[in-house]
Peer 1: 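The structure is given below, and queries will be raised subsequently.
For the single chain, residues carry numbers from 1 onward in sequence order. These figures come from a predicted structure and were not determined experimentally.
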Amino acid sequence: FDWMGDVQIHFEALVREIQRASRANSACQAVVGVLTGVIIAAYAFGHAATDPEILHVTVPMQKLPASFDDFKICLLCDLHASTTISREQIATAVQLCNEQQPDLVALVGDLMDGSVEKLAASLEPLQSLQSAYGTFWVNGNHLFISGNPTQLTEHITSNLNITALRNEHVNITNTAGDTFALAGVDDWTAASRGGDEGFGADPAAALASIPATTEVVFLAHQPKHVDA
């Protein structure tokens, strides 16, 4: 199983989805707000000692209030803390993210490959992520490959100052009183691998009760599997 190749495919698919959405929205004359995305992909850790790749993406959004112009989200994907991805390498990704001075941090799955007992120390640098609106996380398929997804989820949310978005959303409200919804879902493989522990993707639940006039930023580890 070539997990490094799998990570790169996921990353490239994510970039294509963001760029596709950006092109589609930029054609709308009603665009009033712009999100700035900083994607830090850790698959580069698999190539000697190189740093993660950083990609800057600007995403025009139709319903985003102008007061959110240049709101910056740092998206960290596929860190894969493991016996081969060290605490120091995770700390490097955290440092790079903090250097972007994001307004919000999004972790989109596959934080670790292994048990809490073995990898808790490797994940500790995530406590140092800095942003005005906090750090949010959606799970990925490797949460279920690693086994005991409930224990891993509880560790991430209880010990790392990270908010999980499991088929739910939160409202991000700025000092001007304007809001957008940040939604997230379990990975699309969750039901087949962790259904007995209550895991399973439910996009409808994540979007429930969001007003039609509110902009949504939707987080998923494998966005190509979410039916828009």
Peer 1: For residues 130-153, which residue pairs qualify under salt bridge (Lys or Arg N to Asp or Glu O under 4.0 Å), counting only residues two or more places apart or in two chains?
Peer 2: none
Peer 1: Can you confirm whether Q100 sits close enough to H56 that some side-chain heavy atom of one is under 4.5 Å from a side-chain heavy atom of the other?
Peer 2: yes
Peer 1: Keeping to residues at least two apart or across chains, list the salt bridge (Lys or Arg N to Asp or Glu O under 4.0 Å) pairs with something in residues 208-217.
Peer 2: none
Peer 1: Distance-only criterion, 3.5 Å: show the donor-acceptor pairs between side-chain atoms of residues 172-180 and protein atoms not counting sequence neighbours.
Peer 2:
residue	atom	partner	partner atom	Å
T173	OG1	T179	OG1	2.8
N174	OD1	A176	N	3.0
N174	OD1	G177	N	3.2
N174	OD1	D178	N	3.0
N174	ND2	S67	OG	2.9
D178	OD2	S67	OG	2.5

Peer 1: For residues 134-159, pull every pair meeting salt bridge (Lys or Arg N to Asp or Glu O under 4.0 Å), keeping only residues two or more places apart or in separate chains.
Peer 2: none
Peer 1: Please identify each residue that fulfils side chain to side chain contact (heavy atoms under 4.5 Å, CB included) with A183, with sequence neighbours left out.
Peer 2: H169, A206, L207, V216, F218
Peer 1: Can you see which heavy atom on P223 is nearest to which on A220, and at what distance?
Peer 2: CD-O, 3.4 Å
Peer 1: Is there a donor-acceptor pair under 3.5 Å between the side chain of K72 and the backbone N or O of L104?
Peer 2: no
Peer 1: I need the D70 CG to D103 CG distance, nearest 0.5 Å.
Peer 2: 9.0 Å
Peer 1: In a table with atom names and distances, give each donor-acceptor pair under 3.5 Å that connects a side chain of residues 160-168 to protein atoms at least two apart or in another chain.
Peer 2:
residue	atom	partner	partner atom	Å
R166	NE	D186	OD1	3.0
R166	NH2	D186	OD2	2.9
R166	NH2	G198	O	3.3
N167	OD1	D186	N	3.3
N167	OD1	D202	N	2.8
N167	ND2	G200	O	2.7
E168	OE2	R166	N	2.9

Peer 1: Begin from the C-alpha positions of C97 and L76 and carry the test side chain to side chain contact (heavy atoms under 4.5 Å, CB included) through to its verdict.
Peer 2: CA-CA 8 Å; C97 182; L76 280 161; 4.3 Å; yes
Peer 1: Mind checking side chain to side chain contact (heavy atoms under 4.5 Å, CB included) for Q151 and listing every partner two or more places apart, or none if nothing turns up?
Peer 2: V116, E117, N148
Peer 1: Decide side chain to side chain donor-acceptor pair (under 3.5 Å) for H221 and N139; before the verdict, give the C-alpha distance in whole Å, the side-chain angles of both, and the deciding distance to 0.1 Å.
Peer 2: CA-CA 7 Å; H221 178 60; N139 59 52; over 6 Å; no
Peer 1: Partners of Q101 by side chain to side chain donor-acceptor pair (under 3.5 Å), sequence neighbours excluded?
Peer 2: none
Peer 1: Determine yes or no for a side-chain-to-main-chain donor-acceptor pair under 3.5 angstrom, with D113 supplying the side chain and S82 the backbone.
Peer 2: no
Peer 1: Show me, pair by pair, the donor-acceptor contacts under 3.5 angstrom made by side chains of residues 128-137, not counting sequence neighbours?
Peer 2:
residue	atom	partner	partner atom	Å
S131	OG	G134	N	3.1
S131	OG	G134	O	3.0

Peer 1: Applying salt bridge (Lys or Arg N to Asp or Glu O under 4.0 Å) as the test, list every pair that has at least one member in residues 124-139; sequence neighbours left out.
Peer 2: R87-E124
Peer 1: Which is it for L182 and L219 under the side chain to side chain contact (heavy atoms under 4.5 Å, CB included) test, yes or no, and what are the steps along the way?
Peer 2: CA-CA 8 Å; L182 181 71; L219 303 178; 4.0 Å; yes
Peer 1: With side chain to side chain contact (heavy atoms under 4.5 Å, CB included) as the criterion, how do L96 and E99 come out once you've worked through the C-alpha distance, each side chain's angles and the decisive distance to 0.1 Å?
Peer 2: CA-CA 5 Å; L96 288 172; E99 287 174 357; 3.8 Å; yes
Peer 1: Is there a side-chain contact between T153 and F199 in this structure, where contact means two heavy atoms from C-beta onward sitting under 4.5 Å apart?
Peer 2: yes
